[in-house]
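Inspection log for the structure reproduced underneath, given as structure tokens.
To find a chain, count down the sequence lines: A is the first, B the second, and so on, and within it residues start at 1. Being a predicted model, the structure only gives us computed values, none of them experimental.
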Amino acid sequence: MSSFAGRMKEYPTVSLDRFDRENLHARAYFLSHCHKDHMKGLKGPLLRRKLQFSRTVRLYCSFVTKELLLNNPKYSFWEEYIVPLELESPTQISLVDEASGEKEEVVVTLLAAGHCPGSVMFLFEGCRGNVLYTGDFRFAAGDASRMEHLHSGSRVKDIQSVYLDSTFYDPRFYQIPTREVCLNGISQLIGNWIGQSPHHVVWLNCKAAYGYEYLFTNLGDEFNTQIHVNSLAMFKKMPEILSYVTTDRRTQIHACRHPKDDEFFQGNRLPCGCSAADGTPLRIISIKPSTMWFGERTKKTNVIIKTGASSYRACFSFHSSYSELRDFLTYLQPINIHPSVIPIGRTLTEVTQMLKLMCRKPSDQEAFVYKPLGVLKRSRPERPTYDSDSEDELFEGLDLAPVRKKMGLRKDVQKENLPETTAPPVSVEEPSAVTLTDTQSVSCNYVDCTESNGEDEDEEDEGKDVAANSEPPKWDDFFTTEMLPDSQNSHNSQSQSQSSRMSGSETPELFSDKDEETPDITDDFSLTLSASLSNHSSQNMDSSLPDTLILHPEQQRGDGSTRTLEDEPSASQVSSDFDIPSTPESKAPQQDELSQLYRKLASGEEVEMRKGSAVSR
DNA sequence: GCGATCAGTT
DNA sequence: CACAACTGATCGC
């Protein structure tokens with residue numbers, strides 16, 4: 001959970017993802033995505049009042065986030081104060097102190113974060129340097145290198161600070177299977193189950209939060225069906241999602257919820273109440289998306305784990321793994337990194353210390369200049385060096401700002417100023433937007449930057465823009481769903497879960513063999529220092545298991561092996577060697593073998609695992 | 001009675 | 001499973 005207090009050292013007059021306490025005084029607000037733990041104080045009466053008396057304070061977020069936020073009536077008072085921004089569109093924002101008139105300009109760019117629909121990172125560029133606030137995110141290795149706005153020409157921008165989603169910044173979470181791998185495992189499991197008969201259905205036991213939608217869209221495509229959910233309201237302007245969900249319960253894939261859904265499931269009912277169709281009892285399996293992680297040296301990734309006679313856990317993560325974070329940070333090489341989350345079992349000091357290893361070192365600066373690749377483990381574009389001059393060009397418009405106000409001079413940067421003159425509580429239309437030609441270049445000239453506290457590193461840098469090989473991270477399309485202009489309530493297929501409990505819940509005769517297996521492990525091993533590894537079920541299984549393998553509970557080995565994998569040649573390395581039997585020879589199963597296995601598991605057959613193979617018994 | 005907070009659950 | 005939200009108890013206004 002985010003413990004970020006809301007403000008960044010470099011630009012302390014804006015608040016992000018926190019709206020209480022000190023943040024009540026912010027000149028502008030930013031919401032990275034619509035999850036409750038990033039919305040603290042957002043419906044506070046004090047803030048609400050402040051807005052009513054302000055002509056310049058606004059909330060900036062993506063269009064999708066705005067839509068999701070306003071779907072909840074408790075936040076509807078924000079409507080007239082939200083300024084939705086397009087992704088990848090540098091926008092200049094004036095941060096005005098309404099009391100003194102003092103003003104500071106900053107250019108902000110939204111970058112798709114891959115965490116949930118509408119989630120973004122905010123890149124701030126201004127006289128206090130370039131600062132990246134990541135919000136929560138899931139990037140795969142290499143994603144950062146494909147993002148145009150993190151580059152200036154062919155170089156990575158000089159990032160002063162990164163405010164990082166450090167949820168999994170801990171070697172325990174070394175690797176988490178990619179979305180593709182996870183999805184593949186889930187698809188196979190589902191396909192093998194629902195293919196057996198129309199009465200075989202799947203319940204995706206998802207938590208009440210945005211972020212599972214891509215699962216729905218992909219499964220929907222794969223099986224040419226819609227997924228049953230409780231409500232379509234929040235997606236009414238997002239056709240890309242809307243077309244994959246339904247409130248019609250006659251589908252084989254459900255993601256509906258009910259406060260007592262687990263009880264329902266035990267009674268062989270879906271959360272929506274369905275238990276039979278055409279008089280035939282349903283055959284239901286539940287699949288619970290949850291995070292699974294693996295050690296550095298663990299090659300296999302068992303993406304599906306059977307936890308009961310008809311229940312499974314499937315790997316799914318909203319956040320980047322340790323190695324993905326390292327890839328990200330290694331690429332950006334910011335000067336400072338501030339964690340926004342402290343992984344449980346660790347302390348701020350510890351995490352901060354570990355993050356220091358990822359920061360640019362003084363020596364790197366020169367190393368980059370003279371031998372750009374010298375310090376790096378893998379090739380990549382050269383590092384940014386100080387282009388002291390680049391900025392000049394941009395600054396030719398010293399007094400651009402005033403000009404921009406009236407007309408768009410530069411192209412690339414939208415001027416988003418909710419000026420004094422502009423609109424009172426009218427709609428969210430974008431006020432005078434102006435574009436700048438270059439992505440960066442915030443005119444600091446006439447701006448008063450005095451107030452930033454904290455250390456003062458002056459940055460400059462910034463060069464010309466150039467699009468790198470911009471191939472956005474996959475899943476972007478989805479996470480940044482397009483929205484319909486407006487109402488268009490198509491899809492209102494029938495009643496929404498009018499909790500019609502279908503009576504007569506048949507008893508689970510079919511599943512008499514209820515295994516309560518608690519897939520657990522003993523978390524023994526009090527190995528090293530602080531590493532309070534919680535018991536972590538099964539991942540890190542033994543070697544030789546192919547990707548996407550379904551494990552039977554019994555086979556899960558309780559070795560508590562959290563392979564702490566760690567790169568740092570540190571104590572944790574010990575643990576890794578300690579509890580992990582090294583991977584022996586193992587041959588990866590062939591695809592058909594796998595399919596076979598899936599089919600059996602899905603149909604309930606018992607399957608026995610052996611090294612590198614599985615046989616049904 | 002509403003809201004914030006915390007512990008416990010899922 | 002360590003994500004995010006709901007539930008219920010408690011406290012304060």
Side-chain angles (χ1 to χ4, degrees), chain A residues 1-3 17-21 32-48 68 72 74 113-117 119 135-138 165-174 176-177 182 203-213 215 230 234 257-266 271 286-295 302-305 307-308 311-322 339-346 351 517-523 531-541 551 553 556 558 560-564:
Chain A
M1 294 275 160
S2 179
S3 58
D17 292 351
R18 278 298 286 266
F19 310 89
D20 56 353
R21 301 166 166 276
S32 69
H33 65 288
C34 214
H35 276 168
K36 295 284 198 299
D37 60 325
H38 288 255
M39 295 160 63
K40 198 168 186 195
L42 195 53
K43 59 180 181 321
L46 290 176
L47 181 51
R48 183 172 185 164
L68 297 178
N72 183 337
K74 288 189 169 158
H115 176 71
C116 71
S119 68
D136 282 354
F137 73 102
R138 173 102 199 249
D165 166 16
S166 46
T167 303
F168 291 137
Y169 192 75
D170 183 310
R172 276 179 288 170
F173 311 110
Y174 198 89
I176 294 173
C182 294
W203 171 43
L204 296 172
N205 184 358
C206 301
K207 298 183 176 90
Y210 297 117
Y212 298 97
E213 293 74 12
L215 195 53
N230 287 15
M234 60 289 270
R257 301 189 310 113
H258 181 279
K260 298 219 164 62
D261 50 23
D262 266 313
E263 287 179 24
F264 277 45
F265 178 66
Q266 293 307 322
S286 76
I287 301 177
K288 184 175 190 168
S290 50
T291 307
M292 295 180 190
W293 57 85
F294 302 84
N302 311 296
V303 153
I304 305 289
I305 291 178
T307 56
S311 0
Y312 300 81
R313 278 204 307 128
C315 185
F316 190 95
S317 180
F318 290 120
H319 302 269
S320 281
S321 66
Y322 180 71
S340 63
V341 180
I342 305 305
I344 65 173
R346 309 216 85 120
V351 178
E517 18 244 307
T518 1
D520 243 357
I521 308 195
T522 42
D523 52 62
S532 64
L533 307 187
S534 62
N535 54 353
H536 125 240
S537 46
S538 60
Q539 6 285 15
N540 304 335
M541 297 291 310
L551 287 194
Q556 298 185 29
S561 50
T562 354
R563 285 115 203 276
T564 30

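For the pair His38(A) and dA4(C), the criterion of a side-chain N or O lying under 4.0 Å from OP1 or OP2 is not met. Side-chain N/O atoms of His33(A) include none lying less than 4.0 angstrom from OP1 or OP2 on dC3(C).
Of the candidates dC1(C), dA5(C), dC3(C), the closest approach to any side-chain atom of Trp293(A) belongs to dC1(C). Listed nucleotides dC1(C), dC3(C), dA5(C) differ in distance to Ala208(A); the shortest reach to its side chain belongs to dA5(C).
Asp17(A) and Ser32(A) are linked by a side-chain donor-acceptor pair at a separation below 3.5 angstrom, with hydrogens and angles left out of the test. A donor-acceptor contact closer than 3.5 angstrom is absent between the side chains of His35(A) and Asp136(A). Side-chain polar atoms of Arg313(A) and Ser290(A) form a donor-acceptor pair below 3.5 angstrom.
A 4.0 Å heavy-atom criterion places the boundary nucleotides of DNA chain B facing chain A at dT5(B) to dT10(B), written 5' to 3'.
In this structure, Ser321(A) and Trp293(A) have side chains that are not in contact, with every pair of non-hydrogen atoms separated by 4.5 Å or more. Between Phe318(A) and Ser119(A) there is no side-chain heavy-atom pair separated by less than 4.5 Å.
Ring centroid separation for the pair Phe168(A) and Tyr322(A) does not come in under the 6.0 Å cut-off.
With DNA chain C read from its 5' end, the first of the two nearest nucleotides for Ser2(A) and Ser290(A) is the one closest to Ser290(A).
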